[in-house]
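Below is one structure, written out as structure tokens; comments come after it.
The residues of the chain are indexed from 1 along the displayed sequence. Just so you know, ligand 1 is whichever comes first in the structure, and atom 1 is the first atom listed for that ligand. Just so you know, these numbers come straight off a predicted model, no measurement behind them.
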Amino acid sequence: MIKKCLFPAAGYGTRFLPATKAMPKEMLPIANKPLIQYGVEEAIEAGCDTMAIVTGRGKRAIEDHFDISYELEHQINGTNKEQSLAGIRTIMQTCRFSYTRQLEMKGLGHAIHTAQTLIGNEPFCVILADDLCVNAPGMGVLRQMVDLYAKYQCCIVAIEEVALAEVHQYGVICGQEIANGVYQVSDMVEKPKSEEAPSNLAVIGRYILTPDIFEVLKNTPPGKNNEIQITDALLQQAQSKLVLAYKFQGKRYDCGNMHGFVQATNDFYHLYAQSH
Ligand code: UTP
């Protein structure tokens with residue numbers, strides 16, 4: 001039903017410097033797979049076949065990753081090493097990739113607006129690849145959200161409960177629970193101080209957006225940190241339309257910081273070690 005998934009991937013990744021000086025944060029590997037590939041797999045599982053990626057300077061490795069490497073193919077042709085490329089080959093056969101560049105990094109809302117030419121006039125998913133989400137096969141977080149979209153046909157953000165001491169790192173929602181784990185958003189604040197937060201329900205890097213969000217984003221002024229915030233655009237949307245927040249099933253690793261990245265690496269390695 002929703003065919004396109006957007007990956008805003010133009011950010012500087014300053015929390016991971018110097019690793020991200022010449023390499024995109026989205027290409028950091030958890031075990032042997034880059035973060036963005038996990039995201040693309042989740043999008044495919046949710047039914048998407050077109051990946052729209054917003055890149056910026058220094059991000060060419062992302063495009064190369066989802067392209068054929070003739071030299072490498074030639075080198076490993078007929079050897080058992082081909083097995084290591086099976087996953088990425090399937091991805092390349094399953095879906096299309098399109099790219100656009102964000103010229104100035106003016107925030108997540110601005111990055112999403114930049115992708116309007118790739119998305120057009122249809123609902124779309126958004127994955128922030130540094131939020132790595134896992135759940136049972138076939139029941140990924142985006143899959144759950146697409147199922148919810150089928151029922152409500154409106155913008156949906158994924159949320160999880162975080163400690164009050166951490167709310168300043170997130171967009172935070174307030175709303176009424178209208179079904180189990182489903183909230184109708186009435187307020188949304190970007191990176192509030194803990195004493196000003198409307199709740200401890202934090203928005204994580206999974207969204208479903210309807211295309212009217214582009215018009216809202218076009219008129220959204222810079223907000224917190226002087227960046228154009230998707231949170232501000234969604235709040236405006238929530239004032240006239242239904243916007244939902246969904247407490248997803250599964251586990252999220254915030255791989256944009258060292259702690260979450262190492263935790264994910266340890267957990268994924270543990271799984272790998274068990275199966276080998
Ligand atoms: P983050 O807040 O994680 O920023 O952006 P960042 O630059 O990636 O990382 P730090 O905080 O400096 O370490 C959330 C998502 O929005 C994208 C990022 O690539 C990331 O996926 N983004 C952010 C853009 O594409 N463009 C922007 O202007 C800002």
Side-chain angles (χ1 to χ4, degrees), residues 4-30 34-40 42-43 51-63 65 97-119 124-133 141-142 157-160 162 166-172 188-192 202-207 209 213-214 217-218 220-234 252-262 264:
K4 292 183 179 171
C5 185
L6 172 63
F7 293 81
Y12 290 116
T14 53
R15 284 169 294 166
F16 254 98
L17 284 170
T20 46
K21 182 162 177 260
M23 183 181 79
K25 173 169 78 171
E26 296 73 16
M27 288 300 294
L28 288 171
I30 299 298
L35 281 167
I36 194 156
Q37 188 175 333
Y38 289 101
V40 168
E42 186 182 332
M51 308 298 149
I53 305 185
V54 178
T55 66
R57 286 175 292 282
K59 300 276 187 170
R60 280 189 55 181
I62 297 177
E63 294 179 50
H65 185 69
F97 289 83
S98 58
Y99 298 88
T100 192
R101 276 196 183 208
Q102 189 185 13
L103 301 183
E104 293 175 280
M105 308 339 166
K106 293 184 185 171
L108 176 57
H110 183 260
I112 292 173
H113 189 229
T114 303
Q116 184 172 11
T117 47
L118 302 181
I119 300 295
F124 59 103
C125 304
V126 179
I127 288 185
L128 306 185
D130 54 346
D131 266 345
L132 176 56
C133 293
V141 174
L142 208 58
V157 299
I159 49 167
E160 77 175 8
V162 299
E166 289 174 12
V167 288
H168 67 278
Q169 302 168 25
Y170 296 92
V172 175
M188 228 174 169
V189 190
E190 183 62 27
K191 300 189 172 71
V203 179
I204 65 120
R206 298 291 180 277
Y207 305 76
L209 300 175
I213 198 72
F214 291 124
L217 279 169
K218 193 171 137 192
T220 301
K224 194 89 184 186
N225 300 334
N226 209 26
E227 293 183 337
I228 296 173
Q229 299 289 354
I230 186 65
T231 311
D232 295 340
L234 282 167
R252 175 192 71 111
Y253 299 92
D254 178 3
C255 296
N257 74 51
M258 202 94 77
H259 179 75
F261 180 84
V262 172

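- In terms of modelled atom types and a separation under 3.5 Å, the side chain of K59 and the main chain of G11 share a donor-acceptor contact.
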Next on the checklist: For I62 and M27: C-alpha separation, side-chain torsions, deciding distance, then whether side chain to side chain contact (heavy atoms under 4.5 Å, CB included) applies.
Outcome noted: CA-CA 7 Å; I62 297 177; M27 288 300 294; 4.0 Å; yes
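- For ligand 1, the atoms lying closer than 4.0 Å to a non-hydrogen atom of M105 are 28 (O).
- V157 has its side chain out of reach of T231: every pair of non-hydrogen atoms, C-beta onward, lies at least 4.5 Å apart.
- Atom CD1 in I119 sits 5.0 Å away from atom CG in L6 (nearest 0.5 Å).
- At a heavy-atom distance under 4.0 Å, no atom of H110 approaches ligand 1.
- The nearest protein atom to atom 9 (O) of ligand 1, hydrogens excluded, is given as K25 NZ, 3.1 Å; this is a heavy-atom distance.
- Of all the heavy atoms of V54, none lies under 4.0 Å from any atom of ligand 1, so neither backbone nor side chain is involved.
- Distance alone, capped at 3.5 Å, is enough to place a donor-acceptor pair between the Y38 side chain and the I30 backbone.
- Taking only nitrogen or oxygen atoms, main chain and side chain alike, F16 does not reach within less than 3.5 Å of ligand 1.
- Considering backbone and side-chain N/O atoms, G256 never comes within less than 3.5 Å of an N/O atom of ligand 1.
- Ring to ring, F214 and F124 are close: their centroids are under 6.0 angstrom apart.
- Looking only at heavy atoms of the protein, atom 11 (O) of ligand 1 is closest to R15 NE, 3.1 Å.
- Near L108, with a cut-off below 4.0 Å to any heavy atom, the atoms of ligand 1 are 16 (O), 29 (C).
- Counting the atoms of ligand 1 from 1 in the order shown, those under 4.0 Å from a heavy atom of A111 are 24 (C), 25 (O), 26 (N).
- Residue, atom and distance of the protein heavy atom nearest to atom 25 (O) of ligand 1 are A10 N, 2.9 Å.
- With hydrogens and angles disregarded, no donor-acceptor distance shorter than 3.5 Å links the side chain of N225 to the backbone of E227.
- The salt bridge (Lys or Arg N to Asp or Glu O under 4.0 Å) test with D131 singles out one residue from R206, K25, R252, and that residue is R252.
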Next on the checklist: Is there a side chain to side chain contact (heavy atoms under 4.5 Å, CB included) between V54 and I112? Walk through the geometry before answering.
Outcome noted: CA-CA 8 Å; V54 178; I112 292 173; over 6 Å; no
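- Ligand 1 has no nitrogen or oxygen under 3.5 angstrom from a nitrogen or oxygen of A129.
- At least one heavy atom of E26 sits less than 4.0 Å from an atom of ligand 1.
- Remark: ligand 1 atoms within the under-4.0 Å shell around heavy atoms of Q102 are 24 (C), 25 (O), 26 (N), 27 (C), 28 (O).
- Among all non-hydrogen protein atoms, the one lying nearest atom 14 (C) of ligand 1 is L128 CD1, 4.1 Å.
- What sits closest to atom 21 (O) of ligand 1 on the protein, heavy atoms only, is P8 O, 2.9 Å.
- Per-residue contacts place G11 under 4.0 angstrom from the following atoms of ligand 1 (heavy atoms of the residue considered): 7 (O), 8 (O), 18 (C), 19 (O), 22 (N), 24 (C), 25 (O), 26 (N).
- Residue T14 approaches ligand 1 through these ligand atoms, each under 4.0 Å from one of its heavy atoms: 9 (O), 10 (P), 12 (O), 13 (O).
- In the vicinity of D130, heavy-atom distances shorter than 4.0 Å reach the ligand 1 atoms 3 (O).
- Nearest protein neighbour of atom 28 (O) of ligand 1, counting heavy atoms only, is G107 N, 2.8 Å.
- Here the CG atom belonging to L128 is positioned 10.5 Å from the CD1 atom belonging to I36, to the nearest 0.5 angstrom.
- Of the possible polar contacts, none joining the E190 side chain to the D232 backbone as a donor-acceptor pair under 3.5 Å is found.
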Item to check | Worked check of side chain to side chain contact (heavy atoms under 4.5 Å, CB included) between R57 and M105 | outcome: CA-CA 10 Å; R57 286 175 292 282; M105 308 339 166; 4.2 Å; yes
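- Per-residue contacts place Y12 under 4.0 angstrom from the following atoms of ligand 1 (heavy atoms of the residue considered): 7 (O).
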